[in-house]
Amino acid sequence: MRAERESSPIASQAALVGTPEAAPFTQNVTDSDLLFLPPNLEAELLRHALLNQRPLLVVNFLAACGFTYLAWTELGIAVGAWLVLMALISSLRWTAGMTLYRSQLRRERRWGWSDAIALRVFYAGYVASPFAWAAMVVWAIPLLEPFTLLALIVVLAALVGGATGVLAPLRYLGQVNMFLLLVPGSFRLLSLDPPQWILALLGVVFAGVAMISHRFNNDLLRRALTLQHRNDFLLQRVSESNAAILEANAELESRVEARTIELRELSQRDLLTGLLNRRGLVDLLRHFDERQTPLAVLFIDLNGFKQVNDGLGHEAGDEVLRIAARQLATAVPMDASIGRWGGDEFVLIWPARVATEALISLGHHLRTALAVPILVGDERVQLGATIGYAIRGANETGAELVTAADLATAEARRNDQGGIAGFEPGLAVVQQRRLQIVGGLRTAVDDQSLWLAYQPIVFAGSDKLHSLEALMRWTSPRLGVVGPDEFIAIAEDSDRIQQLGDWALRRALADCLAAGAEGPPQICVNVSIRQLAWDGFYASVVAALSELGFAPERLVLEVTESVFEDRNSHRTLSALRALANLGVRIHVDDFGSGYSSLGSLHNFPLHAIKIDRIFVERLDTQSRSVIEAAVLIARGHGLEVIAEGIETAEQARVLHDLGVDALQGYYFGRPQPALLSPRR
Ligand code: C2E
Ligand code: CA
Ligand code: CA
């Protein structure tokens, strides 16, 4: 179909339009595709001829009318008949032209058989009209008065002159036309008496000049049309390639857009757990802020994750986080979303009007889901979670709710109210102070606002100095005196404790050395569990001892009972063993106050236990038997027993009777800013 359009119609059109003068009547035009051909010079010439035809016909007919009027007296009715013939030819030509005009130029319909006939009539007209003129002229010339003859010559010359331009599209028919209009008449002038040689010659020369000029015009028109086509073609090519570029651009744009969406999605996902990440959560909160949706936020902080990470390594930690995330996801309400806020913290966003009870029960649900033990390699890990929640009241933003829920989490951790707490406005004040303390501790070593107090420990019965315990003190330039119970807990939470602990150790050793012979036999330094779990702890102690030249046997590290906890055992145990091998002594502080898992006591390289103050405070029968049991256990393991918090002579006597080896308390001396001997 396509190939047909490209080959045969061109051929037939070339025959139809391009060479009509050669064989205008032999072509059997049935092709209906003329209109739909690609731009073609001959077709274009035909269009121009069509456009010129109507003015041409009008001028031609008016000329015939004028001649008829002038020659009426000489020629009579015969010229009238000629005019009728001329009118007939003109109207036929007009009709044919209009038919072609409608299909070719106005494109009102497709090419049909009537066009094929019209095309023949159209071309024939260019011969018929001048032929009619020629016949009339040849017949009439001898009969005309000189004036009428002159008028006729002028009319014909005018018609030929006009034809050079108007017939320019028709190369051969135009020439035939001019030839017929002038040449037969010119020769007829020779038959007059006397023969009009000059006029005849002028007529033939004029005809020749007109024909040459017509040919020239035809060439010009062809060249102009070719150029125009080339121009159009180039324009089309340009607009086509423009369209291609635009299309490619649009395609590129849509791909970039799709990729952007993908990237945004990715940037909102946590790679480890597949949950939303902090950014995704923030975006979601902002979304709910814009719509002012009722909102509740839960802040979920895993318990015991740090120990997993420290004890089993980061890969195990990652695995535990992945599984914990999955466990949490199973417990999330349908219309809520959960994401990882960072580290081992998760945030749940619940865009609903929820009651406090519903949030607490969701919190329990989440904690239950997390309580399912996780197997990592051979290790069985059981996580817990501390959860804080906050509900949108008036117009808090989502981000503010997360901060509030985070505060509530910290509160829940401190108060141990079943691991779940709601936000209360007072918490903001607490948090404010925490932040101030964290900030202050950062510079506490450098601005020398930290210092140590020393409290004596004496041998029971003899009051001889057993050792001194170094206790950290902080007088913050901004907050004044901050108690160790407060700032040490915060230092532990923020990992500042490593730096503070190292400072305390070095300062205690240095003070001890500075006291020379006046110094205590032993110096006790407190070490928190966070310090022990730290990789560099052993090295830092060894470095302090060797740099200061301190005998390891004079150093006591007081560690709390929580070192017996399973999770902490591995790393802390090896650090403590290594230190004990150096000769450093290890005392268990606050014995009996918390974890009573004494099963692993023998695993630890211990030298003494320090019975917690609360047993000394109320020395009733119950605590008395606890102390008795502790003494028994200690004896079994070959450990020394120390009691702290002794405020009266009576307490000192009872404890001595129970078999306690050494005593510490206000009765013997309060913590002092300098190394001092015991009161007595
Ligand atoms: P701790 O290790 O149990 O220290 C003994 C605490 O009991 C000290 O409180 C001491 O002042 C207090 N105390 C001593 N005798 C008596 C008494 O007769 N009656 C009463 N009521 N209290 C007495 P302090 O100095 O407030 O220390 C509190 C806790 O802070 C310490 O408890 C220890 O856990 C921690 N801490 C202090 N200094 C350091 C340190 O350098 N490093 C670490 N990691 N923790 C420290
Ligand atoms: Ca202590
Ligand atoms: Ca203690």
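- Every side chain to side chain contact (heavy atoms under 4.5 Å, CB included) that Pro351 has, sequence neighbours left out, goes to Phe288, Thr293, Leu295.
- Contact detail for Leu532 and Val527: the closest heavy-atom pair is CG-CG1, 3.8 Å.
- We find the CZ-CG distance between Phe423 and Asp406 to be 11.0 Å, quoted to the nearest 0.5 Å.
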Going through the checks in order, is the side-chain contact (heavy atoms from CB on, under 4.5 Å) test met by Arg259 and Arg255? CA-CA 6 Å; Arg259 188 92 190 104; Arg255 266 201 295 192; over 6 Å; no
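- Around CD of Glu628, the count of heavy atoms belonging to other residues, nucleotides or ligands within 6.0 Å exceeds 12.
- Asn249 pairs by the side chain to side chain donor-acceptor pair (under 3.5 Å) definition with nothing, not counting sequence neighbours.
- Side chain of Thr443 to backbone of Asp446: no donor-acceptor contact under 3.5 angstrom is found.
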Using the side-chain contact (heavy atoms from CB on, under 4.5 Å) rule, take Leu582 and Val541 through it: C-alpha gap first, then chi angles, then the decisive distance, then the call. CA-CA 11 Å; Leu582 287 178; Val541 176; over 6 Å; no
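- Glu247 CD: 12 or fewer foreign heavy atoms inside a 6.0 Å radius.
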For the pair Arg322 and Glu319, evaluate salt bridge (charged side-chain N to carboxylate O under 4.0 Å, His left out) and give the outcome as yes or no after the intermediate values. CA-CA 5 Å; Arg322 255 192 296 269; Glu319 180 63 13; 3.2 Å; yes
Could you check Glu492 against Arg530 for salt bridge (charged side-chain N to carboxylate O under 4.0 Å, His left out), going step by step and ending with a plain yes or no? CA-CA 6 Å; Glu492 283 175 342; Arg530 285 299 269 282; over 6 Å; no
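- Of the N and O atoms on the side chains of Ser623 and Asp620, at least one donor lies less than 3.5 Å from an acceptor on the other residue.
- Across all their heavy atoms, Val588 and Leu606 have their closest contact at CG2-CD1, 3.5 Å.
- For the atom pair CG of Asn526 and CG of Leu452, the computed distance is 10.0 Å after rounding to the nearest 0.5 Å.
- Counting all heavy atoms, side chain and backbone alike, Arg269 lies closest to Leu276 at NH1-N, 3.6 Å.
- Taking Ala453 as the reference, Trp451, Arg473, Pro671 meet the side chain to side chain contact (heavy atoms under 4.5 Å, CB included) condition, with sequence neighbours excluded.
- A side-chain donor-acceptor contact under 3.5 Å links Gln327 to the backbone of Val372.
- Applying the side chain to side chain contact (heavy atoms under 4.5 Å, CB included) criterion to Asp493, with sequence neighbours excluded, gives Arg434.
- Arg279 and Asp283 are not joined by a salt bridge, as no carboxylate oxygen comes within less than 4.0 angstrom of a charged side-chain nitrogen.
- Minimum heavy-atom separation, Glu558 to Cys524: OE2-CB, 3.5 Å.
- Between Leu328 atom CG and Ile338 atom CD1 the span is 4.5 Å, to the nearest 0.5 Å.
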Carefully, step by step, assess Phe299 and Leu407 under the rule side-chain contact (heavy atoms from CB on, under 4.5 Å). CA-CA 9 Å; Phe299 197 96; Leu407 283 178; over 6 Å; no
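- Contact record, Leu362 with Pro333: CD1-CD, 3.7 Å, taken as the closest heavy-atom pair.
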Pair Leu321, Arg340 - check side-chain contact (heavy atoms from CB on, under 4.5 Å), show working. CA-CA 10 Å; Leu321 270 184; Arg340 183 163 163 229; 3.5 Å; yes
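- In terms of modelled atom types and a separation under 3.5 Å, the side chain of Glu379 and the main chain of Val376 share no donor-acceptor contact.
- Partners of Thr648 under the side chain to side chain contact (heavy atoms under 4.5 Å, CB included) rule, at least two apart in sequence or in another chain, are Glu650, Gln651.
- Among residues at least two apart or in separate chains, side-chain hydrogen bond (donor to acceptor under 3.5 Å, both in side chains) pairs with a member in residues 477-488 are Arg433-Glu486.
- Donor-acceptor pairing under 3.5 Å is recorded for the side chains of Thr386 and Asn303.
- Between Arg286 and Asp289 there is no salt bridge, since no side-chain N of the basic residue sits under 4.0 Å from a carboxylate O of the acidic one.
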